[in-house]
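Both ligands and their constituent atoms are indexed starting at 1 by order of listing. Computed from a predicted model, the values in this text were never measured in an experiment.
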Amino acid sequence: MSSPIIQFEELALSPPLLQTLKDVGYEAPSPIQAACIPHLLAGHDLIGQAQTGTGKTAAFALPLLERLDLTDRQPQVLVLTPTRELAIQVAEAFQSYARHLPGFHVLPIYGGQSMSLQLRHLRRGVHVVVGTPGRIMDHLRRETLTLDGLRSVVLDEADEMLRMGFIEDVDWILERTPPERQIALFSATMPEPIRRVAHRHLREPREVKIQTRTATVATVRQRYCQVGVQHKLDALTRVLEVEDTDAVLIFVRTKIAATELAERLEARGYPSAALHGDMTQALREKTIEQLRGGGLDIVVATDVAARGLDVLRISHVINYDIPSDTEAYIHRIGRTGRAGRGGEAILFVVPREMRMLRVIEKATRQPITPMQPPSQATIAGHRLNRFKQKILDTLAAQELSFFQEVVGQIEQEQDISAGDIAAALAYLMQRDRPLQLPVEADVKPVHPKLADEARDRAEPDDRPSRRRERPREPVDFEVMRYRLDVGHQHGATPQNIVGAIANEAGIESRYIGRIEIHDDYSTVDLPAGMPEEIFQHLKKVRVRQYPLNISRLGPSEPERARKRPVPGRAEAGEKTPRSARTSPVEGEAKTASRRQREIKS
Ligand code: AMP
């Protein structure tokens with residue numbers, strides 16, 4: 001990696017924000033942060049081409065927090081996101097980065113959440129509002145949200161908003177913002193409709209696109225493992241157990257994560273050490289020497305601390321956290337396969353990072369092949385083989401006559417066979433690493449079909465209708481057919497119907513069944529048992545400015561709803577158990593409101 005490291009201190013951020021960055025353990029700005037922060041601090045409009053995982057949230061949150069006037073309690077920053085999940089996540093990020101800014105308030109606003117709660121918070125005064133376009137429009141129409149004091153607008157994941165049919169809503173909202181406001185538009189791809197929005201609303205935008213240098217890393221075999229965040233540690237220990245490793249270098253994003261992961265591995269019987277920028281030079285060198293000499297086999301490092309690390313015995317590089325840019329990835333995997341030896345690189349990817357995987361694949365000009373986290377059966381097989389081999393090695397290399405005598409004594413004294421004694425010894429030896437493992441405890445890989453869809457979603461594509469015929473995962477619950485008062489003549493598409501219902505009713509898109517669009521109305525299959533409050537709310541939700549005015553048509557034929565391909569937006573993520581006791585509708589709404597309460601404002 002040749003570019004010099006820029007420090008956060010060089011980016012003209014004030015002491016409270018620098019303190020936050022220290023607290024959260026970020027060592028240095030990611031490339032998108034280094035490039036965007038100065039422009040946004042200077043008040044310029046900006047177009048940033050960046051995907052999830054590059055650190056783009058901090059790239060806009062930090063400079064916009066810096067520019068806030070905390071004494072002015074009307075919304076100064078508005079962030080528009082395609083989904084409620086992202087709205088919550090971005091609001092949480094703002095809250096976290098503002099931990100040393102007393103009196104700071106952020107409010108996530110999305111459908112499916114109590115309007116009165118949102119109104120209460122809005123009345124109390126907030127500095128930053130983060131929301132999905134539909135609910136923001138509602139508040140603007142009711143004049144419960146005013147944008148007179150707005151200084152900055154962020155369009156986050158603009159291409160997703162386009163894909164979900166929200167781009168006209170975004171246009172509508174931008175038209176109601178003060179003319180002198182700053183706009184930052186982030187998008188992984190730049191299809192024409194997004195360029196048009198940028199052209200219409202942004203003034204002399206600075207463009208930030210992180211140049212990715214390509215490099216071949218021919219001696220390193222690259223694999224990726226798609227796994228949910230909560231299963232990462234389990235997947236890691238499984239990989240460590242079955243891979244034929246010498247020394248292993250594991251990469252994480254932050255100093256805190258390096259220390260934590262090393263401790264957690266240690267607790268699971270894998271002696272490990274952290275390597276990060278807060279350690280003294282002497283301690284870092286000592287750790288590297290131990291790794292080089294074979295006194296230590298696993299090091300958990302940050303990018304900065306592992307710069308230039310040259311240890312021949314590193315057989316595996318594991319990207320536990322995906323790197324924020326391709327250069328970092330290329331540098332990381334270059335720590336193995338040194339001096340012409342072969343090396344292994346394994347990348348853990350959570351579903352929302354699949355786009356970044358594609359970008360990395362392009363930059364290394366080599367395929368990164370998928371792998372499943374090793375199953376319990378594979379692990380048990382490996383343990384057994386290793387155990388047998390250990391016995392053979394010991395028989396071949398050790399003088400065992402004393403122990404043979406001991407075994408003989410036990411046989412005679414207790415009248416038991418050598419086989420029984422060997423079984424007891426085997427048990428004692430393997431107590432901490434049992435040779436038989438319960439099969440049901442497997443780490444669930446992300447459902448292969450959903451993984452495919454995540455990959456598809458990663459394809460740059462501005463033609464929302466392409467996905468209309470995609471077969472979807474069958475779902476198993478009672479289905480009700482509803483009528484919506486919007487059809488072809490109103491410009492309704494499956495995408496904007498799914499987008500509106502998913503965001504406003506809190507129904508995950510996979511529960512949204514068959515959609516038929518007629519000239520002046522549409523029908524949609526939704527899980528039965530929708531709470532009245534959500535039903536009433538959905539009546540008022542708009543698609544292309546027209547209220548859905550939803551009404552019940554009657555139970556839908558379950559077989560039809562299950563077996564037919566269901567159109568609509570593909571959703572990346574892990575499959576939840578089918579037999580959810582609550583209706584999917586209630587379950588989602590509850591989760592959302594709980595998370596809302598967790599964001600203290
Ligand atoms: P984002 O692309 O904004 O979704 O960020 C992806 C992840 O990177 C989040 O977990 C952030 O907390 C983390 N992150 C952002 N900036 C940095 C940084 N400079 N150093 C380390 N981690 C970071």
Exercise for the section: Measure from the ring center of Phe186 to the ring center of Phe60 and say whether it is less than 6.0 Å. Expected result: yes
Handout entry: His127 and His105 aromatic ring geometry - parallel, tilted or perpendicular at 30°/60° bounds
Key = parallel
Exercise for the section: Select all protein residues for which some heavy-atom-to-ligand 1 distance is less than 4.0 Å, and list them by chain and number. Expected result: Phe8, Tyr26, Ala28, Pro29, Ser30, Gln33, Thr52, Gly53, Thr54, Gly55, Lys56, Thr57, Arg253, Arg352
Problem - Side-chain donor-acceptor contact under 3.5 Å, Tyr329 with Gln222 - result: yes
Practice task
Could you tell me whether the side chain of Glu207 and the main chain of Leu46 form a donor-acceptor pair under 3.5 Å?
Solution key: no
Handout entry: Point-to-point distance, once rounded to the nearest 0.5 Å, from CD of Glu9 to NZ of Lys22
Key = 7.0 Å
Handout entry: Pairs satisfying salt bridge (charged side-chain N to carboxylate O under 4.0 Å, His left out), at least one member in residues 314-324, at least two apart
Key = Lys232-Asp321
